[in-house]
Amino acid sequence: MSILKNIPKVDKVLEWPAVQTVLAAYPRSVVLKGVRTVLEALRREARGEASHVVPSEEIVAARIAAAVERITAPSLKRVVNGTGVVIHTNLGRSPLPEKVRAQLEKIAYGYSNLEFDLAEGARGSRYSHVEALLCELTGAEAALVVNNNAAAVMLALASMAAGREVVVSRGELVEIGGSFRIPDIMGQSGALLREVGTTNRTHAADYRAAVTAETALFLKVHASNFAMTGFTAEVTAPRLVELGRECGLPVMADVGSGNLVDLARLGVGSEPTIQEFVRAGVDVVTFSGDKLLGGPQAGVIVGKKACLDPMKKHPLLRAFRIDKLTLAALEGTLALYRDERQALTSIPTLRMLTAGPAELAEKGRRIVRLLRRNLSSRIEVAPVKGVSQVGGGALPGQELPTVLLSVRVAGLSPQELETRLRSGAVPVVGRIAKGEFLLDIRTILDTDVPLLVAALKALG
Ligand SMILES: *Cc1c(COP(=O)(O)O)cnc(C)c1O
């Protein structure tokens with residue numbers, strides 16, 4: 001009890017010179033919260049031990065300053081992705097290309113012609129800024145962008161099929177994760193799901209047999225996050241388009257990951273491109289902006305003008321509308337696709353996905369050299385071989401050979417090391433495999449390297 005009495009009172013603590021310095025830099029309410037948090041912790045510590053000694057004024061003040069910093073630090077933090085999962089939904093999917101930075105800043109910190117037609121001096125459309133570019137890149141007649149691909153799918157279904165039936169293969173009733181399930185989205189859009197075929201095999205005849213006066217469209221959902229092998233059959237997009245023409249029905253494809261460059265040609269997976277779906281005659285194609293496209297979170301709809309015009313007037317579009325920062329980043333990212341070589345070198349997601357063994361080995365050697373030069377002998381780093389994953393519901397099962405950085409710190413178990421790095425000022429996220437803490441070189445951006453050095457240095 002006497003020890004608890006030795007713990008200073010809030011008013012006294014606020015008068016300490018070191019705490020006055022904190023008060024000069026931060027709002028009083030925040031400092032007060034920091035002081036209370038630290039004093040409460042001191043009381044807890046004192047209760048636990050009979051022989052407890054209350055720390056010095058200097059130490060308590062330092063703890064208060066640290067608490068205030070913790071309270072005021074942004075919750076959303078830059079993180080070093082050492083997982084090797086390129087499109088990591090939990091880590092923010094695609095890092096934006098540096099080339100969009102200047103444009104993003106201009107639009108963010110000033111007024112813009114977001115919905116103002118500068119030629120006419122009249123109200124304009126926010127969607128106009130990317131429509132022509134999307135049409136140019138994909139070959140589609142019309143385009144529209146919304147918040148994310150889930151919204152794109154919902155808007156398209158609500159606009160084309162509310163109260164009517166949508167025919168989908170049982171093998172394509174997918175769950176993407178984070179509660180996006182095709183049957184649920186369909187339910188919310190007001191369209192009625194008409195499942196056809198079986199889990200592993202669906203034929204053209206199954207689609208045809210399901211058509212009634214109530215049918216609104218055929219929907220194809222790209223199995224972007226899983227792969228089916230064995231005795232399987234699906235109706236391809238071109239075949240489904242043929243069938244749609246025969247039955248007088250439009251065809252929609254939710255492609256999900258949505259790549260504009262032929263990655264298969266570059267040795268990465270075998271995903272069809274958006275252009276291929278458009279060329280096949282699919283009426284409406286939807287995809288994400290932040291998966292294989294490598295841009296900001298967005299949902300893109302491209303296709304026939306007759307199908308998209310009603311979507312542009314649908315009340316849901318207002319609820320799903322894209323923000324100006326997203327639009328600036330999306331326009332900037334899309335513009336890079338005008339030159340495929342430029343897209344491959346300046347869009348981080350594409351760069352990381354297409355990085356070959358020689359490039360990764362060289363990057364690994366460079367990072368190891370830098371770390372060895374900067375770190376104490378307590379920390380050992382060595383390159384080892386491994387595999388990375390694409391992630392983000394793209395190229396399922398595709399494993400890319402990579403270089404891993406094995407990190408060992410004397411006196412720390414791999415688990416302790418993982419926790420320390422994950423909770424540092426700039427968190428570094430890696431994984432433990434076979435008792436080793438590993439960071440995948442593939443997903444470490446050049447701008448991450450100094451952050452990684454600092455994070456490892458902080459371990460001592
Ligand atoms: C990822 C994905 C979605 C959801 O896209 P978001 O942009 O995350 O909303 C929908 N459909 C498919 C097939 C997907 O792969």
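Numbering of residues begins at 1 and proceeds along the displayed sequence. Both ligands and their constituent atoms are indexed starting at 1 by order of listing.
No side-chain N or O of Ser169 forms a donor-acceptor pair with one of Glu234 less than 3.5 Å apart. Asn149 and Thr286 share a side-chain donor-acceptor pair at under 3.5 Å. Glu276 and Thr273 form a side-chain donor-acceptor contact under 3.5 Å, judged by distance and modelled atom types alone.
When every heavy atom of Ala161 is checked against every heavy atom of Val166, the shortest pair comes out as CB-CG2, 3.4 Å.
Residue-ligand proximity: Arg181 is placed with every non-hydrogen atom at 4.0 Å or more from ligand 1. In this structure, Lys291 has a heavy atom closer than 4.0 Å to ligand 1. Contact analysis leaves Val153 out of contact with ligand 1, as no non-hydrogen atom separation drops below 4.0 angstrom.
Close N/O approach between Gly256 and ligand 1 is not found [any backbone or side-chain N/O within under 3.5 Å]. Ligand 1 has an N or O atom lying under 3.5 Å from an N or O atom of Asn149, backbone or side chain. Any N or O atom pair closer than 3.5 Å counts here, and Ser288 shares at least one such pair with ligand 1.
A distance-only check finds a donor-acceptor pair linking the side chain of Asn81 to the backbone of Val85 [under 3.5 Å].
Listed by number with element, the atoms of ligand 1 under 4.0 Å from a non-hydrogen atom of His222 are 13 (C). Near Arg93, the atoms of ligand 1 lying under 4.0 angstrom from a non-hydrogen atom of the residue are 6 (P), 7 (O), 8 (O).
A salt bridge links Glu98 to Arg101: one of the charged nitrogens lies within less than 4.0 Å of a carboxylate oxygen.
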